Amino acid sequence: MEVRWTGVERSKLGSPYAAFTLLLGVWSAQGLEMSVGKVPFLEAVNGSTVMLPCTYASCIGIKDLYFNWQYNDNGTMQKVCDAVIPTEDVVPDVKVFRERVEFIGKNHKNNISILIWNITFEDGGLYTCFGRNPKEKNKNHSAVFHLIVVDELRVVDNTLTIIIASAVGGAIAFLMAFMLLKNFTLFVLAKLEEKNKECLVSSSGIDNTENGLSGSKADSKPTPKKK
């Protein structure tokens with residue numbers, strides 16, 4: 001017997017695929033994230049001690065999260081340290097494979113940062129903080145931090161910035177003073193004009209009285225009768 005698909009049945013067939021797509025998007029949003037902070041680089045003086053920051057986050061939680069730090073040595077990735085975190089808030093047993101490196105994250109607030117003591121120019125380069133969470137099918141996640149080792153920190157010349165800021169501030173102050181002076185001048189002129197109008201009205205009244213115009217004392221004399 002021939003089976004034909006109707007329009008309703010086709011829509012029912014498409015429904016699971018739409019649901020799967022939605023679940024896949026939600027799953028991706030809840031995946032593990034590794035972060036080395038908003039500024040993924042640091043410039044430090046030779047011989048100083050620096051911290052390489054890294055934290056992880058996962059909306060679905062973790063279980064036996066594997067993480068490590070790796071150093072990019074001219075294209076060859078060298079492991080700096082690694083460990084497995086059974087669950088959140090558990091301090092991991094970290095193995096360190098590089099000298100002068102100390103794990104300081106202790107997994108407090110999902111922190112897995114490391115410290116490098118007495119850095120040398122050979123320590124400069126790219127460091128990768130790597131993580132893999134079995135709860136999301138062991139997908140790999142990583143974030144890169146750039147350590148720059150210098151003889152001395154550069155002194156930033158802020159002269160130009162100060163000049164520009166001073167010029168802008170002076171222009172704004174001048175504009176404000178000009179606007180205040182303009183408003184005050186307009187106010188004074190308006191008052192003077194108003195006073196002149198009052199003087200003109202008063203003067204007009206006096207002139208009318210002296211010249212014997214309508215409404216003055218000269219009009220009060222009776223008109224002589226004709227005989």
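Bear in mind the structure is a predicted one, so any value in this text is a computation, not a measurement.
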Practice task
Sort and list the pairs that fulfil side chain to side chain donor-acceptor pair (under 3.5 Å) and have at least one residue in residues 170-192, not counting sequence neighbours.
Solution key: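 Listed once each, the pairs would be none.
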
Problem - Pairs flagged by side chain to side chain donor-acceptor pair (under 3.5 Å) wherever residues 34-45 is involved - sequence neighbours left out - result: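 Sorted pair list: Glu43-Arg154.
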
Is the side chain of [X] donor-acceptor paired with the backbone N or O of [Y] at a distance under 3.5 Å, no angle test?
X: Glu136; Y: Leu32; answer: yes
X: Lys139; Y: Gly31; answer: no
X: Arg100; Y: Trp117; answer: yes

Using the rule that Ile, Leu, Val, Met, Phe, Trp and Tyr join whenever any side-chain heavy atoms are under 4.5 Å apart, tell me whether [X] and [Y] fall into a single cluster.
X: Leu180; Y: Val188; answer: no
X: Phe174; Y: Leu181; answer: no
X: Ile112; Y: Val50; answer: yes
X: Ile172; Y: Ile164; answer: yes
X: Phe130; Y: Met34; answer: no

Problem - Residues forming a side chain to side chain contact (heavy atoms under 4.5 Å, CB included) with Phe121, sequence neighbours excluded - result: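 Phe121: side chain to side chain contact (heavy atoms under 4.5 Å, CB included) contacts with Asn46, Val149, Asp151.
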
Problem - Test side chain to side chain contact (heavy atoms under 4.5 Å, CB included) applied to Asn138 - qualifying residues, sequence neighbours left out - result: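 Only Arg132, Pro134 meet the side chain to side chain contact (heavy atoms under 4.5 Å, CB included) criterion with Asn138.
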
Problem - Under 3.5 Å side-chain donor-acceptor pair for Asn107 and Tyr56 - result: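 Checked: Asn107/Tyr56 side chains pair up, N/O donor to acceptor below 3.5 Å.
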
Interatomic spacing from [atom1] in [X] to [atom2] in [Y] - rounded to 0.5 Å:
X: Leu189; Y: Glu193; atom1: CG; atom2: CD; value: 8.5 Å
X: Gln70; Y: Leu126; atom1: CD; atom2: CG; value: 12.0 Å
X: Phe67; Y: Ile85; atom1: CZ; atom2: CD1; value: 5.0 Å
X: Met77; Y: Asn72; atom1: CE; atom2: CG; value: 5.0 Å
X: Leu42; Y: Ile116; atom1: CG; atom2: CD1; value: 9.5 Å
X: Asn111; Y: Phe103; atom1: CG; atom2: CZ; value: 7.0 Å

Practice task
Output, in order, the C-alpha distance, side-chain angles, deciding distance and verdict of side-chain contact (heavy atoms from CB on, under 4.5 Å) for Glu33 and Asn110.
Solution key: CA-CA 11 Å; Glu33 293 183 4; Asn110 300 348; over 6 Å; no

Handout entry: Test item: Pro92 and Val84 side chains (from C-beta on) under 4.5 Å apart, heavy atoms
Key =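 Counting from C-beta outward, Pro92 and Val84 never come under 4.5 Å.
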
Exercise for the section: State, with a plain yes or no, whether a side-chain heavy atom of Met51 is found less than 4.5 Å away from one of Ile114. Expected result: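 They are not in contact (no side-chain heavy atoms under 4.5 Å apart), so the answer is no.
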
Exercise for the section: Compare every heavy atom of Pro53 with every heavy atom of Phe145, then report the nearest pair and how far apart it is. Expected result: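 Nearest pair, atom of Phe145 first, then Pro53: CE1-CD, 3.7 Å.
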
Handout entry: Nearest atoms (heavy-atom pairs only) where Asp93 meets Ala83
Key =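 It is O-CB, 3.5 Å.
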
Practice task
Just do the side-chain contact (heavy atoms from CB on, under 4.5 Å) check on Tyr71 and Asp123 with the steps written out, would you?
Solution key: CA-CA 9 Å; Tyr71 172 67; Asp123 294 323; over 6 Å; no

Handout entry: Within residues 124-154 or reaching into it, pairs that qualify as disulfide bond (SG atoms under 2.5 Å apart) - sequence neighbours excluded
Key =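 Applying disulfide bond (SG atoms under 2.5 Å apart) to every pair that reaches into residues 124-154, excluding sequence neighbours, yields Cys54-Cys129.
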
Problem - Positive for side-chain contact (heavy atoms from CB on, under 4.5 Å) with Trp69, one of Val94, Val80, Val101, Val96 - result: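 Exactly one pass, corresponding to Val80.
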
Exercise for the section: Just grab all the salt bridge (Lys or Arg N to Asp or Glu O under 4.0 Å) pairs involving residues 63-77, residues at least two apart or on different chains. Expected result: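 Non-adjacent pairs meeting salt bridge (Lys or Arg N to Asp or Glu O under 4.0 Å): zero.
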
Handout entry: Crowding at CZ, Phe41 (>12 non-hydrogen neighbours, <6.0 Å)
Key =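 It does not: Phe41 CZ has 12 such atoms or fewer within range.
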
